[in-house]
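First the structure, in the form of structure tokens, and then the observations on it.
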Amino acid sequence: CLVLVLIGALCSFIYIFRTIVFCPNHNKNGRKLPPGPRSLPLIGNLHMLGKFPHQNLHHLAKRYGPIMSLRLGSIPTIVVSSPQAAQLFLKTHDLVFAGRPKIQASEFMSYGSKGMAFTPYGSYWRMVRKWCTFHLLSTSKVEYFAPTRKACLGYLVESVKEAAAAGETVDLSGKISEFIEDITCLIVFGRVKDGGLNFGYIVDKVMHLLGLFNISDFMPYLAPLDIQGIARKLRRWSKLMDMVLEKIIDEHVQAIDPEGQKPHRDFVDVMVSMLNQPMNLQDEDQPYIVERENIKAIILDIMSASSETTTVSIVWAFSEILRHPRVMVRLQQELETVVGRNRFVEESDLPKLKYLNMVLKEILRLHPVAPFLVPHESMEDVVVNGYFIPKKSRILVNTWSMGRDPNIWSENAEEFLPERFMDCKIDLRGHHFELIPFGSGRRGCPGMQLALVTMRLVLSQLIHCFDWELLPYGMLPHELDMTEIFGLSLPRANHLLAKPTYRLLE
Ligand code: HEM
């Protein structure tokens, strides 16, 4: 009798356990979802993300495969971890997965999806992307801003030279971040600081909030409670940001040339000339009237998409180069051959710097700043590789995992070895799915060209002009701390410090 009671209790326990602990491999209509770990009530698989979600999902994918299904809070999520799988999501079914999820921060910061990065796929997004590409990010526009880059880089080299003369340490993370912020502000709205309100500082604050783990994005029903206080902070910072943006637009409106003869000085100039103008959107009957909110959202998107990504990539590049003196020597030799030691690097030298190009690929392979790209969202139900992917699933493409996969990069995948790109056809344009730090397809990064020119220029100039010694003194290169922190991007946990010595001939 006791045995029967125990068996009954055990069966009830198993039944309750199975109904509570949701099995993710089939949806409620019995359709086959990609394999994945069991999820818990309410939180789903959130507890499995840990401090370094890209690394933890990399390990989980080894068990469940390159197309893995999770539930993050209440959000069905698909993690993609191989080039073949990435190609299915970003090329074969690119249109279905060209959506973006709605996240709380973007609602505050993009004036209700009026920017680009978190704007739903559709005719408005297409128009904004076309504007930004044509007026800011095309090859000819990137070239147009070469003198601005040259002037800013001149200031950067001067300030490092002063530090070198005084025997001071340089905070490379801080210096590079300031340089990228300044140059981005200059090409977007024509100047650096705004009397009292530092735009770059506010963008940093907002980026920090954007990178926080926000429960409301995974359990939207908890959003009204604002448990972490993120919405409150976003509201405060977005108000400050709005003041600065209004001022920038006012200045540009006042400077409009009524004759329309003067060329546009910067990107905001171009956008202000469209203010209150009707724009024809593809597939829409009514023309779209451009308002201030559109311009503000686009400026913010460009600022936030470009500054942190470029800075973080350059700082990782410097870190790896300093950790590998052999690579530093090869880079300096290449620069001496192409440029000599009597002058600075010019943009026209960049195509000749083949080894530098390999170094950049290697950096973006090992340190992709957006380890999951920017999340995509499925716009309808779709079957991929035999698996059912429901509409509104969040898609995370784990480029970090792909960059370290020994099946792609051989046993030395974890090593920093730029030479692996010698005689290798893989480029960064998103056609080779082994290496997609800028994404691929419709939502791929439109700023890649600008980012690559800036990265090449800053790195080559600082390596050509200076020798660098790691700090603290006596530290061996391989002892440099390479800890990363996970947020909106994947920066170094600590600032990179080094002591420069000027090495060009006066
Ligand atoms: C999107 C990487 C620099 C503007 C993206 C995405 C990635 C990325 C991974 C998402 C792609 C996807 O979801 O499939 C990078 C890296 C950079 C960089 C690694 C520097 C090293 C820039 C710059 C700009 C920029 C300099 C502009 C000035 C954007 C925009 C989007 C985007 C606007 C959103 C595109 C859309 O949703 O349609 N970037 N980016 N990025 N990037 Fe970049």
Side-chain angles (χ1 to χ4, degrees), residues 54 80 86-87 89-91 94 97-101 103 106 109-110 113-122 124-133 135-138 141-142 145 149 176-177 180-181 183-189 203 207 266-267 297-317 360-361 363-377 394-400 402-403 428-430 433 435-459 488-491:
H54 54 301
V80 176
Q87 182 160 352
F89 282 78
L90 301 176
K91 187 174 176 190
D94 182 24
F97 295 110
R100 292 280 195 221
I103 62 164
S106 82
M109 304 319 301
S110 65
S113 300
K114 293 195 172 99
M116 188 197 316
F118 277 94
T119 295
Y121 180 80
Y124 177 76
W125 165 82
R126 260 196 301 275
M127 176 181 77
V128 173
R129 193 159 163 128
K130 220 155 102 187
W131 281 352
C132 295
T133 307
H135 296 294
L136 184 70
L137 305 170
S138 64
K141 280 292 160 189
V142 172
F145 289 109
R149 279 189 291 277
I176 291 167
S177 157
I180 297 292
E181 254 166 34
I183 197 152
T184 314
C185 289
L186 277 170
I187 62 177
V188 174
F189 55 81
V203 171
M207 291 296 287
D266 53 53
F267 183 54
I298 295 170
I299 302 177
L300 265 182
D301 249 19
I302 294 291
M303 292 297 301
S304 49
S306 68
S307 296
E308 167 126 343
T309 46
T310 316
T311 303
V312 168
S313 304
I314 298 176
V315 174
W316 276 124
L360 281 195
K361 285 184 188 170
I363 289 302
L364 293 164
R365 176 183 78 84
L366 284 174
H367 303 282
V369 277
F372 293 124
L373 302 180
V374 176
H376 289 229
E377 189 179 83
R394 200 164 288 184
I395 314 299
L396 306 179
V397 181
N398 196 343
T399 55
W400 187 91
M402 281 150 52
L428 293 164
R429 279 177 288 178
F433 287 84
L435 188 65
I436 47 168
F438 293 97
S440 177
R442 286 175 168 77
R443 286 287 191 167
C445 177
M448 181 181 71
Q449 224 178 336
L450 177 62
L452 289 177
V453 169
T454 313
M455 285 175 72
R456 285 192 190 117
L457 203 55
V458 176
L459 276 172
L488 191 65
S489 69
L490 205 55

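Read the numbers this way: they start at 1 and go in the same order the structure lists the ligands and their atoms.
- Protein heavy atom closest to atom 18 (C) of ligand 1, with residue, atom name and distance, is T309 OG1, 3.4 Å.
- Residue contacts with ligand 1 include V369, since one or more of its heavy atoms lies under 4.0 Å from the ligand.
- Of all atoms in ligand 1, numbered sequentially from 1 with element shown, those under 4.0 Å from a heavy atom of A117 are 34 (C), 37 (O).
- Remark: among candidates R442, H376, M116, the nearest residue to atom 33 (C) of ligand 1 is M116, based on non-hydrogen atoms.
- For atom 26 (C) of ligand 1, the closest heavy atom belonging to the protein is S306 CB, 3.3 Å.
- No hydrogens or angles considered: a donor-acceptor pair under 3.5 Å links the side chains of S489 and E308.
- With a 4.0 Å cut-off on non-hydrogen atoms, R100 touches ligand 1 through its side chain and not its backbone.
- Ligand 1 places these atoms under 4.0 Å from at least one heavy atom of L450: 28 (C).
- Nearest to atom 37 (O) of ligand 1 by heavy-atom distance, out of E308, R443, R129, is R443.
- Ring geometry, W316 versus H367: the interplanar angle falls under 30°, so the pair is classed parallel (tilted spans 30 to 60°).
- Looking from atom 20 (C) of ligand 1 to the surrounding protein, the closest heavy atom is A451 CB, 3.5 Å.
- Atom 16 (C) of ligand 1 has as its closest protein heavy atom F438 CE2, 3.3 Å.
- Among all heavy-atom pairs drawn from P375 and P101, the shortest one is O-CD, 3.3 Å.
- To the nearest 0.5 Å, the span separating CE on M448 from OG1 on T309 amounts to 13.0 Å.
- At a 4.0 Å heavy-atom cut-off, ligand 1 touches V374 through backbone and side chain alike.
- For the pair R126 and Y121, the distance from NZ or CZ to the six-membered ring centre is under 6.0 Å and the angle to the ring normal is within 45 degrees.
- Atom NZ of K91 has 12 or fewer neighbouring heavy atoms from other residues, nucleotides or ligands inside a 6.0 Å radius.
- Atom 32 (C) of ligand 1 has its closest protein heavy atom at P446 CD, 3.7 Å.
- In this structure, of G430, A98, C132, C445, the residue bringing a heavy atom nearest to atom 25 (C) of ligand 1 is C445.
- In terms of protein heavy atoms, atom 4 (C) of ligand 1 is closest to A305 CB, 3.4 Å.
- Considering all non-hydrogen atoms of both residues, S307 and I180 come closest at O-CG2, 3.6 Å.
- Looking at every heavy atom in both residues, M402 comes nearest to A86 through CE-CB, 4.1 Å.
- Scanning all heavy atoms of the two residues, the minimum distance from H376 to L90 falls at CE1-CD2, 3.6 Å.
- Contacts of P437 with ligand 1, taken as heavy-atom pairs under 4.0 Å, involve the backbone alone.
- Residue D266 comes nearest to I187 through the heavy atom pair CB-O, 3.6 Å, listed as atom of the first residue, atom of the second, then distance.
- Regarding atom 21 (C) of ligand 1, its nearest protein heavy-atom neighbour is S313 OG, 3.3 Å.
- Atoms of ligand 1 lying under 4.0 Å from any heavy atom of L137, numbered from 1 in the order shown and given with element: 27 (C), 28 (C).
- Note that CZ of R149 and OG1 of T454 are 5.5 Å apart. Values are rounded to the nearest 0.5 Å.
- Relative to atom 38 (O) of ligand 1, the option among W125, F97, F89 with the closest non-hydrogen atom is W125.
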